[in-house]
There are 2 protein chains.
Amino acid sequence: MSKFAPEKDGAMFSKACEHGIKAIVYIATQSLEGRRVKIGDVVENSGSPEAFTGKILGALTKHNIVNSLTGPYGGFEIAPKRMKEIKVSDIVFAIDGDSVYKGCGLGLSECSNTEPCPVHSKFVKIRNELKKMLETTSIYDLAVGLKSGKTILIR
Amino acid sequence: MSKFAPEKDGAMFSKACEHGIKAIVYIATQSLEGRRVKIGDVVENSGSPEAFTGKILGALTKHNIVNSLTGPYGGFEIAPKRMKEIKVSDIVFAIDGDSVYKGCGLGLSECSNTEPCPVHSKFVKIRNELKKMLETTSIYDLAVGLKSGKTILIR
DNA sequence: TTATTTTAGGACATTTTTATCTTAAATAAG
DNA sequence: CTTATTTAAGATAAAAATGTCCTAAAATAA
Ligand code: FES
Ligand code: FES
């Protein structure tokens with residue numbers, strides 16, 4: 001029927017963001033065991049496309065979320081000491097920017113308390129809870145769940 | 001810097017959904033005063049593109065969310081009696097489908113409690129609150145706010 | 001009936017996002 | 001220094017979402 005609802009849209013994050021989070025979480029599990037990983041290893045375990053993931057990891061490297069080394073024995077790693085400091089919000093911000101936290105639910109040029117759109121009051125509550133959730137969830141938290149087998153990255 | 005974060009993405013709903021909600025809310029305010037409105041009037045007051053909005057209203061008409069009549073004195077209207085029954089979730093479902101409620105936060109093929117992705121437990125809480133919010137907010141609620149001047153559709 | 005108005009809907013165009021390909025740069029080992 | 005390996009990054013391609021255009025169909029009134 002309707003050309004809309006192509007069973008694809010409506011995702012909370014962009015694909016780039018999804019690939020980025022999965023890659024970082026996998027790299028973190030390996031760094032916890034002292035293993036530096038190559039991009040091929042990353043995408044094999046995250047199910048994301050290799051070249052695209054490379055681009056995303058490049059951005060995350062610039063944002064100092066992950067560390068990279070070129071050449072033989074190179075790859076990606078995250079210092080275990082930093083894992084509890086790095087939050088999911090840092091990844092989302094580096095890739096999708098702050099629109100997740102600041103954007104208007106109906107797409108108005110800006111979200112305002114004094115001149116709100118019809119969904120503002122209820123929308124802001126959800127958005128703030130999402131923000132708090134992302135800011136209080138660390139890479140370490142997610143990596144531990146994956147390493148223990150409680151969670152998965154591919155289905 | 002990063003080619004990502006083009007200051008655009010990260011929106012909770014698709015543009016089609018945003019246009020649809022704004023159009024419906026405006027039509028509702030007019031129907032409350034017994035006025036049937038033409039598409040030109042709708043987009044003048046919602047700030048959305050006309051042809052695209054026409055497509056979206058076509059889908060919403062099929063889903064029985066709004067009523068349309070062709071010909072002179074035609075246009076769109078919503079029976080005031082139904083406004084409290086029609087929820088924002090109905091509009092979102094008609095346009096974006098159920099991925100908002102069912103989709104995995106990291107894009108896995110399906111969201112599962114028994115085999116969850118790393119963000120599942122925290123993500124599901126937010127998603128359920130969003131769902132509840134959309135299911136408990138009626139078109140009538142939004143229309144009243146707009147009619148009284150407490151909220152706006154264009155900025 | 002005929003002319004006019006307005007939505008319906010298919011075809012087409014544009015923009016954005018996602019993804020790939022190719023070459024350059026960096027690093028380490030021999 | 002040379003070679004092999006790996007990330008960096010620009011150019012390009014494909015796919016999806018957004019948006020426009022044009023004709024058909026429906027309804028109304030004269
Ligand atoms: S103004 Fe629309 S969500 Fe705040
Ligand atoms: S499995 Fe990913 S959100 Fe439920």
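These numbers come from the heavy atoms of this one structure, side chains and all, not from hydrogens, waters or symmetry mates. Numbered from 1 within each chain, the chains take letters A, B, ... in sequence-line order.
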Report the distance from atom [atom1] of [X] to atom [atom2] of [N], rounded to the nearest whole Å.
| X | N | atom1 | atom2 | answer |
| --- | --- | --- | --- | --- |
| A/Lys15 | C/dT20 | NZ | P | 13 Å |
| B/Lys22 | D/dT18 | NZ | P | 13 Å |
| A/Glu77 | D/dT6 | CD | C1' | 14 Å |
| A/Ile56 | D/dA9 | CD1 | P | 14 Å |
| A/Ile27 | D/dT6 | CD1 | C1' | 14 Å |
| B/Asp96 | D/dA17 | CG | C1' | 11 Å |
| B/Phe52 | C/dA13 | CZ | C1' | 14 Å |
| B/Leu60 | C/dT7 | CG | P | 14 Å |

Under 4.0 Å: is that the gap between some side-chain N or O of A/His19 and OP1 or OP2 of C/dA19?
->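 Yes, such a contact exists.
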Can you tell me which residue pairs pass the salt bridge (Lys or Arg N to Asp or Glu O under 4.0 Å) test with a partner in residues 67-82 of chain B, sequence neighbours excluded?
-> B/Arg36-B/Glu77
Under a 4.0 Å heavy-atom cut-off, which of residues 38-47 of chain A touch DNA chain D?
->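 Only A/Lys38, A/Ile39 qualify.
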Determine whether A/Cys111 and A/Val124 make a side-chain contact, defined as any pair of heavy atoms from C-beta on separated by less than 4.5 Å.
-> yes
Test side-chain hydrogen bond (donor to acceptor under 3.5 Å, both in side chains) applied to B/Ser48 - qualifying residues, sequence neighbours left out | B/His19
Starting at the 5' end of DNA chain C and moving along, which residue's nearest nucleotide shows up first, B/Gly54 or A/Glu50?
-> B/Gly54
B/Lys22 and B/Ser46 have their tightest heavy-atom pair at NZ-O, 3.3 Å
How does the hydrophobic cluster around B/Ile152 look, that is, which other residues are in it when side-chain heavy atoms under 4.5 Å mark a link?
->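 Listed partners: A/Leu108.
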Taking side-chain contact (heavy atoms from CB on, under 4.5 Å) as the test, write out the residues that go with [X], two or more places apart.
| X | answer |
| --- | --- |
| B/Ser121 | none |
| B/Ser89 | B/Lys87, B/Tyr101, B/Leu134, B/Glu135 |
| B/Ile154 | none |

Side-chain contact check for A/Pro49: nearest option of D/dT20, C/dT7, C/dA19 is C/dA19
Not counting sequence neighbours, which residues clear salt bridge (Lys or Arg N to Asp or Glu O under 4.0 Å) with A/Lys102? List them please.
-> A/Asp98
Any chance you could list the contact pattern along nucleotides 21-30 of chain D? Use B for base contacts, S for sugar-phosphate-only contacts and - for none, protein heavy atoms under 4.0 Å, 5' to 3'.
-> -----BBB--
